[in-house]
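Notes follow the structure.
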Amino acid sequence: MAAPGAGAPPEETLSLWKREQARLKARVVDWDTEAWQRNPDFSGLQRVGGVDVSFVKGDSVNACASLVVLSYPELKVVYEECRMVNLKAPYVSGFLAFREVPFLAEAVQRLQEKEPSLMPQVLLVDGNGVLHQRGFGVACHLGILTDLPCVGVAKKLLQVDGLEKSDQHKEKVRCLRAAGATFPLVGDSGTILGMALKSHDRSINPLYVSVGHKISLETAVHLTHACCRFRIPEPVRQADIRSREYIRRNQGLPGAPALGQERTLKAQWQEVCPPGGSAEPTDKGRPPEHLGPGPGADPDAPTQAPRDSEAETGPVGVGPREGPCAICE
DNA sequence: GCGACAG
DNA sequence: ATCTTGTCGC
């Protein structure tokens, strides 16, 4: 029940994962540690990274992990890496990092080895930071593993610690006027876990920003907003666009699984975690082999129209009622 | 049966 | 995450 549609990890594994999260959580730094973070215009900030993982259609194992680095404030892609990976763990809400973070951390590691001068000064991560069941989402996890400042940027509200998509929440969302408008996400404990951010004038659904590592919530929100040309901040959006594109080009090429012949995650999970047996940690790292971006992979190719899919804008004829809001006075 | 469910 | 067309708007 923990992972609908896929093989669920044994309770024992979840227990180990929780312990690991608790151990690493102690290292999270939730304030500004970098000089550029203190400057109102972020002067000194030159490179912002984004990461994402996209999937092959009917396959929960094969995916493309991508890391991009954009110049700031121009928001032009100056580095890109896409790589096909075999996910080892199923998706379980609250444990996303155990599925994706190993490959993201490896991508950062390869960048460090190949082009250290392009190392981003901060990473925007698709998912939550401290806004999480145990206060340690994927953005925190990646931050600790890489020691880079990280920001959690989620597209949906993770309903934890009393946070819910209640009518009151929806009311607050409707009250967000111009891009940049926010409201705090306060947990039962009274702690501010993150901020809802209207990232674009024409978007209705806000982003849910939270601290990952080495950055304050205020700076995280300001930075996220500063990186938005559309609803999704450019670093994450470019990582997403490029990883999907990479998958499209890789489909049908040697190495890609034949249709209907994919290994299911459930099957793979059974290998790693036999029902009743002890699993052995086997392989470590692959040889750094490049299936480098072919000749037609210009980073700057504006093949993408200035329009985003998704709910960049609300339904035209059925917009939420404008007018006085009881909550935002 | 119903709601929850980051990606 | 993914399945998917048109449509409105700058």
Side-chain angles (χ1 to χ4, degrees), chain A residues 1-6 8-9 14 17 21 50-66 84-85 87-104 124-142 150-166 169 185 193-197 200-212 224 229-232 236-237 239-241 243-248 251 259 262 264-265 305-319:
Chain A
M1 297 223 278
L14 294 181
W17 284 353
Q21 290 179 327
V51 292
D52 189 41
V53 177
S54 292
F55 299 79
V56 174
K57 277 191 292 189
D59 193 321
S60 55
V61 172
N62 296 291
C64 174
S66 71
M84 294 305 297
V85 298
L87 301 178
K88 306 301 183 190
Y91 168 69
V92 182
S93 180
F95 301 95
L96 173 64
F98 292 93
R99 178 166 167 81
E100 299 187 347
V101 102
F103 308 101
L104 301 179
L124 299 191
V125 183
D126 207 343
N128 293 292
V130 301
L131 169 39
H132 177 268
Q133 286 89 336
R134 288 162 296 280
F136 193 74
V138 63
C140 298
H141 208 133
L142 186 57
C150 285
V151 177
V153 182
K155 296 181 287 294
K156 298 174 183 174
L157 176 64
L158 183 56
Q159 303 186 129
V160 297
D161 196 27
L163 296 180
E164 56 177 345
K165 290 182 287 192
S166 59
H169 173 86
L185 302 166
L193 301 174
M195 296 277 250
L197 165 70
H200 185 33
D201 284 317
R202 287 167 306 190
S203 68
I204 298 301
N205 302 322
L207 294 178
Y208 298 96
V209 179
S210 60
V211 169
T224 299
R229 301 207 313 146
F230 302 102
R231 178 181 179 236
I232 307 299
V236 172
R237 181 168 169 267
D240 180 55
I241 289 173
S243 59
R244 304 166 91 115
E245 176 61 20
Y246 189 88
I247 283 181
R248 282 220 308 263
Q251 295 265 48
L259 208 60
E262 316 87 2
T264 67
L265 214 175
R307 81 170 208 353
D308 258 337
S309 58
E310 234 187 72
E312 290 297 332
T313 68
V316 180
V318 283

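Just so it is clear, the values below take in all heavy atoms, side chains as well, and ignore hydrogens, waters and symmetry mates. Convention: sequence-line order gives letters A, B, ...; per-chain numbering from 1.
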Among B/dA6, B/dC5, C/dT2, the one nearest A/A154 by side-chain distance: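 The answer is B/dA6.
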Per atom distances to the A/R202 side chain, the nearest of C/dC10, B/dA4, C/dC3 is C/dC10
Report yes or no: is the cationic atom of A/R134 (NZ for Lys, CZ for Arg) under 6.0 Å from the centre of the six-membered ring of A/F95, at an angle within 45° of the ring normal?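 Because its charged atom sits under 6.0 Å from the ring centre and within 45° of the axis, A/R134 does stack over A/F95.
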Under 4.0 Å between any heavy atoms, over every strand shown, what does [X] touch: base, sugar-phosphate, or nothing? Just pick one.
{"X": "A/V138", "value": "base"}
{"X": "A/D126", "value": "sugar-phosphate"}
{"X": "A/F95", "value": "base"}
{"X": "A/G152", "value": "nothing"}

Which atom of A/S54 lies closest to which atom of A/D240, heavy atoms considered: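 Closest approach of A/S54 to A/D240, heavy atoms only: OG-OD1, 3.7 Å.
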Whole-Å distance between [N] [atom2] and [X] [atom1]?
{"X": "A/Q159", "N": "B/dG7", "atom1": "CD", "atom2": "P", "answer": "12 Å"}
{"X": "A/F103", "N": "B/dG7", "atom1": "CZ", "atom2": "C1'", "answer": "14 Å"}
{"X": "A/N62", "N": "C/dA1", "atom1": "CG", "atom2": "C1'", "answer": "14 Å"}
{"X": "A/K57", "N": "B/dG7", "atom1": "NZ", "atom2": "P", "answer": "22 Å"}
{"X": "A/D59", "N": "B/dG7", "atom1": "CG", "atom2": "C1'", "answer": "15 Å"}
{"X": "A/Q133", "N": "B/dC5", "atom1": "CD", "atom2": "P", "answer": "8 Å"}
{"X": "A/L87", "N": "B/dA6", "atom1": "CG", "atom2": "P", "answer": "17 Å"}
{"X": "A/F55", "N": "B/dG7", "atom1": "CZ", "atom2": "P", "answer": "11 Å"}

Let's go through A/V53 and A/L104 carefully: what are the C-alpha distance in whole Å and the side-chain angles of both, what is the deciding distance for side chain to side chain contact (heavy atoms under 4.5 Å, CB included) to 0.1 Å, and is it a yes or a no? CA-CA 8 Å; A/V53 177; A/L104 301 179; 4.0 Å; yes
Quick one: is [X] getting a side-chain N or O under 4.0 Å of the [N] phosphate, OP1 or OP2?
{"X": "A/Y91", "N": "B/dC5", "result": "no"}
{"X": "A/R244", "N": "C/dT2", "result": "yes"}
{"X": "A/K155", "N": "B/dG7", "result": "yes"}

Hey, is A/K155 close enough to A/D126 for a salt bridge, meaning N to O under 4.0 Å? yes
Using the P atom on both, measure B/dA4 against C/dC3 and round to a whole Å. 25 Å
If you measure from the C1' atom in C/dT4 to the same atom in B/dG3, how many Å do you get, rounded?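 Rounded to whole Å, the distance is 26 Å.
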Output yes if the stacking criterion (under 5.5 Å between centres, under 30° between planes) is met for A/Y208 over the base of B/dA6, else no. no
Okay, side chain of A/H141, backbone of A/V101: is any donor-acceptor separation there less than 3.5 Å? no
